[in-house]
Amino acid sequence: MNLLKIRKFPLLLLLPAFLMFFASCESDDVDDMVVADKDRTITEYLGSDSDFSTLSAALERTGLDATLDQENADFTLFAPNNAAFEKMGVDLTSVSNEDLTDILLYHVIQDRRLGVVNLTIENRYFETASSAGPNSNNLSIMLERNNDELMVNGFVSVSSTPNDFKNGVIYEMNDVLSLPTIADIAVNDKNLGRLESALTTASGDLVGLLSGADVYTVFAPIDDGFEDIEDVVDALDADQLANVLSYHVVSGNVLSNDLEDDQTVMTLNGEEITIDIDLGIIRIEDQDNEKALVRISDIQTTNGVVHIISKVLLPSDL
């Protein structure tokens with residue numbers, strides 16, 4: 001084509017192409033840097049890559065290789081490589097099939113998660129395929145953006161380029177994820193740093209309590225909630241702090257759909273909180289009629305559930 005003719009080409013006709021190009025560049029950052037291999041399933045790929053021989057053997061032993069070979073499914077697999085299992089330092093032959101299945105399924109989301117887009121404070125927790133929670137509830141996993149990296153549970157960085165297969169996505173990892181307890185959520189979620197500090201400062205072994213076998217529900221104040229009443233919190237001694245924290249703990253695995261409007265719930269410190277539900281929005285009311293918004297609900301762990309709330313609840317006997 002003659003260059004002069006190109007220069008005379010109407011600019012308005014080129015504009016849509018330019019807009020499409022720039023829109024594609026904006027969305028085609030790390031979030032969409034995908035290596036596609038649509039001819040193979042996840043299981044077929046893992047079986048062909050020697051770096052995943054330990055994972056492949058574990059999947060075959062538990063029968064999950066057949067699950068991840070379903071062509072019409074959609075999975076996201078956070079795939080520990082051989083080095084990850086070596087770092088784990090556990091002889092997998094000593095792990096029961098049931099426990100190994102729970103561990104492996106904790107690395108699976110039954111949906112495609114390509115990249116790190118749309119990961120907000122309220123949209124970071126996802127349901128895994130592992131039903132190792134109380135009442136066989138599916139455990140939660142946390143995905144976060146760290147610049148252009150995808151972080152799992154606050155500390156495990158996965159490969160920045162996902163591999164997209166016929167039935168799902170694989171992210172390679174150098175770590176094996178452990179099944180989370182309530183205490184792990186407080187430790188791993190960077191937005192709960194003040195809660196983690198308070199748990200270790202308060203009298204009694206609250207960290208041990210929330211790491212143990214007993215099942216609890218925790219209404220976990222986000223850092224902003226502690227900062228809003230920083231002068232009050234800083235003035236508390238260890239016993240008073242334990243009293244405040246136990247006011248956020250309820251026995252049992254209480255999910256959001258178990259809560260009802262105007263319901264009163266007994267907490268671990270012996271005082272009640274009240275549930276306020278309006279148009280599907282859940283708030284928790286303390287003894288002074290102060291209400292905390294439930295910002296993230298139903299973070300499921302092996303020993304209970306966590307609901308992240310906007311404020312610190314204060315008992316009347318403080």
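Please read these numbers as outputs of a predicted model, since none were measured by experiment.
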Student: Would you mind reporting whether Asp261 and Asp276 have side-chain heavy atoms less than 4.5 Å apart?
Tutor: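 In contact.
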
Student: Does the side chain of Arg124 reach to within under 4.5 Å of the side chain of Arg145, using non-hydrogen atoms?
Tutor: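 No, their side chains stay 4.5 Å or more apart.
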
Student: So, the side chain of Asn137 versus the backbone of Pro134: is there a donor-acceptor pair under 3.5 Å, distance only?
Tutor: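 Here the side-chain-to-backbone pair exists.
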
Student: Closest heavy-atom contact between Val152 and Met173?
Tutor: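 Taking every non-hydrogen atom into account, CG2-SD, 4.5 Å.
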
Student: So if you build clusters from Ile, Leu, Val, Met, Phe, Trp, Tyr with side-chain heavy-atom gaps below 4.5 Å, do Leu313 and Val232 land together?
Tutor: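 No.
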
Student: Of Asp51, Asn174, Asp175, which meets side-chain hydrogen bond (donor to acceptor under 3.5 Å, both in side chains) against Asn81?
Tutor: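 Per the side-chain hydrogen bond (donor to acceptor under 3.5 Å, both in side chains) rule, the option paired with Asn81 is Asn174, out of Asp51, Asn174, Asp175.
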
Student: Quick one: are Ser256 and Ile282 in side-chain contact, heavy atoms under 4.5 Å?
Tutor: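 Touching, per the 4.5 Å side-chain cut-off.
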
Student: Work out which heavy atom in Ser140 is nearest to a heavy atom in Tyr125; give both atom names and the distance.
Tutor: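 Shortest heavy-atom separation between Ser140 and Tyr125 comes out as CB-CD2, 4.3 Å.
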
Student: If we check side-chain hydrogen bond (donor to acceptor under 3.5 Å, both in side chains) with Tyr106, which of these qualifies: Thr302, Thr101, Asn138, Asn153?
Tutor: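 Testing Tyr106 for a side-chain hydrogen bond (donor to acceptor under 3.5 Å, both in side chains) against Thr302, Thr101, Asn138, Asn153 leaves exactly one candidate, Asn153.
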
Student: Partners of His248 by ring pair (Phe, Tyr, Trp, His ring centres under 6.0 Å), sequence neighbours excluded?
Tutor: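 Listed in chain order: nothing, the list is empty.
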
Student: Treating Ile, Leu, Val, Met, Phe, Trp and Tyr as nodes and any side-chain heavy-atom pair under 4.5 angstrom as an edge, say whether Leu236 and Ile229 lie in one connected cluster.
Tutor: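 Cluster IDs for Leu236 and Ile229 match.
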
Student: Does atom CD of Gln263 have more than 12 heavy-atom neighbours from other groups under 6.0 Å away?
Tutor: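 Check passes, neighbour count above 12.
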
Student: To the closest 0.5 Å, what do you measure between CG (Asp298) and CG (Asn253)?
Tutor: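 Atom-to-atom, Asp298:CG and Asn253:CG are 9.0 Å apart.
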
Student: Are Val250 and Ile182 connected in the hydrophobic side-chain network, where two residues link if heavy atoms are under 4.5 Å apart?
Tutor: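 Hydrophobic grouping puts Val250 apart from Ile182.
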
Student: Are the side chains of Val233 and Glu230 in touch, meaning some heavy atoms are under 4.5 Å apart?
Tutor: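 Sidechains of Glu230 and Val233: no contact.
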
Student: Taking the ring centre of each residue, are His107 and Phe78 less than 6.0 Å apart?
Tutor: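 That pair fails the under 6.0 Å test.
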
Student: Taking all non-hydrogen atoms of both residues into account, name the closest pair between Ala220 and Leu195 and its distance.
Tutor: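 Closest approach of Ala220 to Leu195, heavy atoms only: CB-CD2, 3.6 Å.
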
Student: side-chain contact (heavy atoms from CB on, under 4.5 Å) with Asn289: which of Lys291, Glu285, Gln287?
Tutor: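 So, applying the side-chain contact (heavy atoms from CB on, under 4.5 Å) to Asn289 and each of Lys291, Glu285, Gln287, only Glu285 qualifies.
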
Student: Do Leu245 and Val249 come within less than 4.5 Å of each other through their side chains, counting heavy atoms only?
Tutor: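 No, their side chains stay 4.5 Å or more apart.
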
Student: Check whether the side chains of Ser211 and Asn303 place a donor and an acceptor atom closer than 3.5 Å, and report yes or no.
Tutor: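 Side-chain D/A pair, Ser211 to Asn303: absent.
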
Student: Output the distance between atom CG (Asp102) and atom OG (Ser131), rounded to the nearest 0.5 Å.
Tutor: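 So the gap between those two atoms works out to 6.0 Å.
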
Student: CG of Leu55 to CG of Leu104: how many Å apart, nearest 0.5 Å?
Tutor: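 Rounded to the nearest 0.5 Å, the CG-CG separation comes to 6.5 Å.
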
Student: So which atom in Gly154 and which in Met142 form the shortest heavy-atom distance, rounded to 0.1 Å?
Tutor: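 Closest pair (atom of Gly154, atom of Met142, distance): N-CE, 3.5 Å.
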
Student: Under a 4.0 Å N-O cut-off, is there an ion pair linking Arg112 with Asp74?
Tutor: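 Counted as a salt bridge, because a side-chain N and a carboxylate O are separated by less than 4.0 Å.
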
Student: Can you confirm whether Thr217 sits close enough to Asp258 that some side-chain heavy atom of one is under 4.5 Å from a side-chain heavy atom of the other?
Tutor: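 When only atoms from C-beta onward are counted, Asp258 and Thr217 do not touch, as no gap falls below 4.5 Å.
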
Student: Would you say the side-chain atoms of Asn167 pair up with the backbone N or O of Leu68, donor to acceptor, closer than 3.5 Å?
Tutor: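 Yes, Asn167 side chain to Leu68 backbone: donor-acceptor pair under 3.5 Å.
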
Student: With no hydrogens and no angle check, is any side-chain donor or acceptor of Asp288 less than 3.5 Å from a backbone partner on Glu290?
Tutor: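 Answer holds: no.
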
Student: Okay, side chain of Thr41, backbone of Glu71: is any donor-acceptor separation there less than 3.5 Å?
Tutor: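 Not a single qualifying donor-acceptor pair exists.
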
Student: Linking I/L/V/M/F/W/Y whenever their side-chain heavy atoms sit closer than 4.5 Å, directly or via other members, would Ile103 and Phe52 fall into one cluster?
Tutor: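 Ile103 and Phe52: one cluster.
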
Student: Closer than 3.5 angstrom, by distance alone: can the side chain of Gln300 be matched with the main-chain N or O of Glu127 as a donor-acceptor pair?
Tutor: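 No: the side chain of Gln300 does not pair with the backbone of Glu127.
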
Student: Does Asp69 use its side chain to pair, donor to acceptor, with the backbone of Ala66 at less than 3.5 Å?
Tutor: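 It does not hold such a pair.
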
Student: What do the steps show when you test Ser53 against Asn82 for side-chain hydrogen bond (donor to acceptor under 3.5 Å, both in side chains), and what is the final call?
Tutor: CA-CA 7 Å; Ser53 59; Asn82 291 346; 3.0 Å; yes

Student: Do you know the tightest heavy-atom contact between Ser246 and Asn269?
Tutor: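 Closest approach of Ser246 to Asn269: OG-CB, 3.0 Å.
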
Student: May I ask you to decide whether Asp286 forms a salt bridge with Lys311, counting only side-chain N to carboxylate O separations under 4.0 Å?
Tutor: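 No, this pair does not count.
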
Student: Within the side chain of Thr76, is there an N or O that forms a donor-acceptor pair under 3.5 Å with the backbone of Asp111?
Tutor: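 Here the side-chain-to-backbone pair exists.
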
Student: Does Leu268 share a hydrophobic cluster with Phe219, counting links as ILVMFWY side-chain heavy atoms below 4.5 Å and allowing steps through other members?
Tutor: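 No, separate clusters.
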
Student: Going through the distances and angles, do Arg61 and Asn97 end up as a side chain to side chain contact (heavy atoms under 4.5 Å, CB included)?
Tutor: CA-CA 8 Å; Arg61 172 185 153 190; Asn97 280 1; 2.6 Å; yes

Student: Looking only at heavy atoms, what is the nearest atom pair of Leu100 and Val95, with distance?
Tutor: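 What the structure gives for the nearest pair is N-CG1, 3.7 Å.
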
Student: Is it true that Asp39 and Lys166 make a salt bridge, defined as a side-chain N closer than 4.0 Å to a carboxylate O?
Tutor: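 Result for this pair is no, no salt bridge flagged.
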
Student: Just wondering, do Leu199 and Leu210 contact through their side chains at under 4.5 Å, heavy atoms?
Tutor: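 Side chain of Leu210 against side chain of Leu199, heavy atoms only: contact under 4.5 Å found.
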
Student: With side chain to side chain contact (heavy atoms under 4.5 Å, CB included) as the test, would you mind laying out the steps for Glu44 and Phe165 before giving the verdict?
Tutor: CA-CA 10 Å; Glu44 289 171 338; Phe165 296 95; over 6 Å; no

Student: Within the 4.5 Å heavy-atom criterion, are Tyr247 and Leu314 side-chain neighbours or not?
Tutor: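 Tyr247 does not reach Leu314 side chain to side chain.
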
Student: Starting at OG1 of Thr200, measure out to CG of Asp205 and round the result to the nearest 0.5 Å.
Tutor: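 Separation between the atoms: 11.0 Å.
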
Student: Does Glu98 CD have over 12 foreign heavy atoms under 6.0 Å away?
Tutor: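 For Glu98, atom CD is not crowded (no more than 12 foreign heavy atoms under 6.0 Å).
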
Student: Using only atom types and a distance under 3.5 Å, with no angle test, would you say the side chain of Asp189 pairs donor to acceptor with the backbone of Ile185?
Tutor: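 No, the answer is negative, given that no donor and acceptor are paired below the 3.5 Å cut-off.
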
Student: Could you walk me through whether Leu46 and Leu77 satisfy the side chain to side chain contact (heavy atoms under 4.5 Å, CB included) test, starting with their C-alpha distance in whole Å, then the side-chain angles of each, then the deciding distance to 0.1 Å, before giving a yes or no?
Tutor: CA-CA 11 Å; Leu46 293 175; Leu77 172 65; 3.8 Å; yes

Student: From His307 NE2 over to Leu293 CG, what is the distance, rounded to the nearest 0.5 angstrom?
Tutor: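 If I round to the nearest 0.5 Å, the distance is 13.0 Å.
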
Student: Should Tyr171 and Val156 be marked as a side chain to side chain contact (heavy atoms under 4.5 Å, CB included) after you check the CA-CA gap, both sets of side-chain angles, and the distance that decides it?
Tutor: CA-CA 11 Å; Tyr171 290 92; Val156 178; over 6 Å; no

Student: Could you walk me through whether Asp65 and Thr43 satisfy the side-chain hydrogen bond (donor to acceptor under 3.5 Å, both in side chains) test, starting with their C-alpha distance in whole Å, then the side-chain angles of each, then the deciding distance to 0.1 Å, before giving a yes or no?
Tutor: CA-CA 6 Å; Asp65 59 329; Thr43 295; over 6 Å; no

Student: Please report the interatomic distance CD1(Ile222) to CD(Glu227), rounded to the nearest 0.5 Å.
Tutor: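 Reported to 0.5 Å precision, the distance equals 9.5 Å.
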
